[in-house]
J.: 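First the structure, then my questions, so here it is.
One-based numbering, in listed order, for ligands and for the atoms of each. Starting from 1, each residue takes its place in the sequence as its number. Heavy-atom basis, side chains included; hydrogens, waters and symmetry copies ignored. Just so you know, these numbers come straight off a predicted model, no measurement behind them.
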Amino acid sequence: MDNNHIHVIFGASGDLTKRKLIPALYSLYLNKMLPEKFLIVGAARTEISSASFRELMIESIKKYYKSGDFSRLKEFADHLLYEQIQYDDLNSYNYLNQRLEELRTRSNINGNTIFYLSTPPDLYYKIPENLALVGLNREDNGWKRIIVEKPFGYDLDSALQLKEILLKHWKEEQIFRIDHYLGKETVQNLLVTRFSNGIFEPLWNRNYIHHIEITAAENIGVENRGGYYDNIGALRDMIQNHLLQVVGLVAMEPPSSLEPLSIRNEILKVFQSLRPIKIEEVSSIAVRGQYTSSTINNEYIKGYREENHINPESRTETYAAIKFFIDNWRWGGVPFYIRTGKRLPVQVTEVVIHFKPTPHFLFSRNNIYEACNKLIIRIQPDEGMLLEIGIKTPGQGFDVQNIDLDFKYAELASQRLPEAYERLLYDTIKGDNTLFARTEEVIAAWKFLTPVIDAWKNNHSIPLYGYPAGTWGPLEANKLFDEKNISWHYPCRNLSNNNTYCEL
Ligand code: BG6
């Protein structure tokens, strides 16, 4: 790693900077993972001084940095500065350029610079272009890298347009398209689970797997992000990026090495093998919903349409579930079910691999669902893994009961699970883009979802089901399963409560 750089965060007055980026950078600093010489320059439209920015960031770290070690907060804050910027005005970028030059000279830092786009997505087109127009993409005196937050485009056309603008001014290896799910330890552990154990890979295919389920449930609503969310919805917010990336890691072929290109190539092949969805089948393979008000523990919970900055007649989905297939040799015929939603009973992200039942039921089983062994990979919270197997119920006869073999990360007492953004910011500093999405993947993901996006937008006969806040989304989502007795796995917050139906 080079021993100096400047980190510019556009959108520095926003939520992401406060909640995630600055606490993650502080954690890297605390763990001695930042270069010897570095500066963090916050940039946004708001007019504030560097001193006030520092104060605000100190407060944010105290609020959001979970480990609670604030011993080096003051010295970290000395590296923070603020510059006001008008995103549309080229003069503003010229000024920024000059200012960075002064800071470099003053702090003896070369040209190494990271630009983080943490602004509203409509600015992703302007900022990279304006930076390039004033020469801030040139690497004469050190590297220049640009981190683009999701959503990368709003649909296929806008993603293609964004791709064109970025690649016109920046080289692919300078662009880091962040998907914070890839920064999660437990998501990376999918690779390790699959490819460091001899026992899983032989079973990891259509011969032994019945179906695969991926759930990202959140119990929060849209909070104060209504303005953004109402234009986006669950499909674009979570499925197009985070959940499809998880699908990529679950379904990919073994990479030939751990080289970034080798891993990303295998993920891309998965995306290219997704069976195209026909627009006329959208109503049978996808379900959308929107939360309605309810009362939970005597507290009134607003429905989506009553939230701040939400159109009271909004038809934006806060729940999306979809069934699809991957047409290749490994996965031919295996259904994948993914779902996500806000205001569900618990916050849980997990992958469930349902293995096929034995070919003959020697012992009596109530139904096929019960007879399928399950491997649950818990991405968050209560991170860990659980294998559900059948054993003989002690006593007379041969009754079978399912038990859980489980592992939890919390048991590795000495190991801290770093926040996703820490890993990704650190990788950007190192110039390692293994855990970042490539353009082709993003475009393939948009292509795959376009029929659903179009049908949901244009065909009003496709229902948008209401579901009361605190429930598991529309019951209609169970109809995505063809077989009787198969339905979603309803996870609880704690992995050990497997097989308990968790509700509020
Ligand atoms: C973000 C989405 O990308 O991911 C949010 O925009 C969502 O709507 C968040 O809440 C979920 O992230 P995590 O890490 O809490 O699962």
Side-chain angles (χ1 to χ4, degrees), residues 11 14-21 23-24 27 64-66 116-122 124 147-154 176-190 214-247 249 288-291 304 307-310 314 316-320 338-351 377-384 409 417-425 435-437 442 445-446 449 469 473 491 493 495:
D15 235 33
L16 186 72
T17 306
K18 275 188 240 155
R19 280 174 189 256
K20 299 286 184 188
L21 304 183
S27 184
Y64 297 112
Y65 182 55
K66 292 184 196 136
Y116 198 119
L117 306 192
S118 167
T119 59
D122 51 342
Y124 295 175
I147 306 183
V148 187
E149 254 299 330
K150 64 160 265 273
F152 193 84
Y154 178 74
F176 289 71
R177 292 172 203 82
I178 210 161
D179 185 313
H180 79 277
Y181 262 57
L182 291 172
K184 292 182 190 280
E185 276 293 326
T186 41
V187 171
Q188 293 155 32
N189 187 44
L190 283 165
I214 302 176
T215 294
E218 293 186 275
N219 51 0
I220 53 171
V222 283
E223 300 190 296
N224 51 359
R225 296 166 72 227
Y228 155 82
Y229 196 88
D230 208 28
N231 283 317
I232 296 280
L235 192 74
R236 290 183 172 93
D237 188 46
M238 292 292 289
I239 293 188
Q240 189 274 340
N241 34 67
H242 305 326
L243 294 193
L244 282 181
Q245 286 293 338
V246 174
V247 169
L249 290 166
R288 59 177 166 172
Q290 191 185 69
Y291 62 83
Y304 177 70
E307 301 268 22
N308 282 346
H309 307 297
I310 302 293
S314 171
T316 300
E317 80 285 354
T318 58
Y319 174 99
I338 56 184
R339 68 178 163 167
T340 184
K342 298 233 181 249
R343 283 276 183 233
L344 301 187
V346 279
Q347 189 225 350
V348 163
T349 302
E350 68 177 23
V351 177
I377 301 170
R378 174 59 74 86
I379 288 169
Q380 64 187 22
D382 200 20
E383 294 82 356
Y409 271 87
L417 277 187
E419 281 280 322
Y421 277 97
E422 283 177 44
R423 168 71 196 253
L424 296 174
L425 288 168
L435 299 175
F436 292 81
V442 178
W446 278 120
L449 292 175
R493 191 179 189 289
L495 191 55

J.: Within the distance-only criterion (no hydrogens, no angle test), does the side chain of Asn241 pair as donor or acceptor with the backbone N or O of Arg236 below 3.5 angstrom?
T.: yes
J.: Looking at Glu218, which atoms of ligand 1 are within less than 4.0 Å of one of its heavy atoms?
T.: 7 (C), 10 (O), 11 (C)
J.: Counting distance only, does the side-chain N/O of Glu317 pair as donor-acceptor with the main-chain N or O of Ala234 below 3.5 Å?
T.: yes
J.: Return the orientation label for the Phe176 and Phe436 ring planes: parallel under 30°, perpendicular over 60°, tilted otherwise.
T.: perpendicular
J.: For a quick check under 3.5 Å, do Tyr65 and Ser27 share a side-chain donor-acceptor pair by atom type?
T.: yes
J.: For ligand 1, which atoms sit closer than 4.0 Å to a heavy atom of Lys342?
T.: 5 (C), 7 (C), 8 (O), 10 (O)
J.: Using a strict 4.0 Å cut-off to heavy atoms of Asp237, name the atoms of ligand 1 that fall inside it.
T.: 2 (C), 5 (C), 6 (O), 8 (O)
J.: Can you find a heavy atom in the side chain of Gln240 that is under 4.5 Å from one in the side chain of Trp446?
T.: yes
J.: Cation-pi check, Arg339 to Tyr319: give yes when NZ or CZ is under 6.0 Å from the six-membered ring centre and within 45° of the ring axis, no otherwise.
T.: no
J.: According to the interplanar angle, ranging from 0 to 90°, do the rings of His242 and Tyr181 count as parallel (below 30°), tilted (30 to 60°) or perpendicular (above 60°)?
T.: parallel
J.: Which heavy atom of the protein is the closest neighbour of atom 4 (O) of ligand 1, given with residue, atom name and distance?
T.: His180 CE1, 3.3 Å
J.: Heavy-atom contacts with Arg225 under 4.0 Å: which atoms of ligand 1 show up? List them by number with element.
T.: 2 (C), 5 (C), 6 (O), 8 (O)
J.: Lys150 heavy atoms, cut-off 4.0 Å: which ligand 1 atoms fall inside?
T.: 1 (C), 2 (C), 3 (O), 6 (O)
J.: Looking at ligand 1, does any of its N/O atoms fall within less than 3.5 Å of an N/O of Thr349?
T.: no
J.: Hey, which atoms in ligand 1 end up nearer than 4.0 Å to a heavy atom of Lys184?
T.: 13 (P), 14 (O), 16 (O)
J.: I'd like to check which ligand 1 atoms, numbered from 1 as shown, lie under 4.0 Å from a non-hydrogen atom of His242.
T.: 1 (C), 3 (O), 4 (O)
J.: Less than 3.5 Å between some nitrogen or oxygen of Gln380 and one of ligand 1, yes or no?
T.: yes
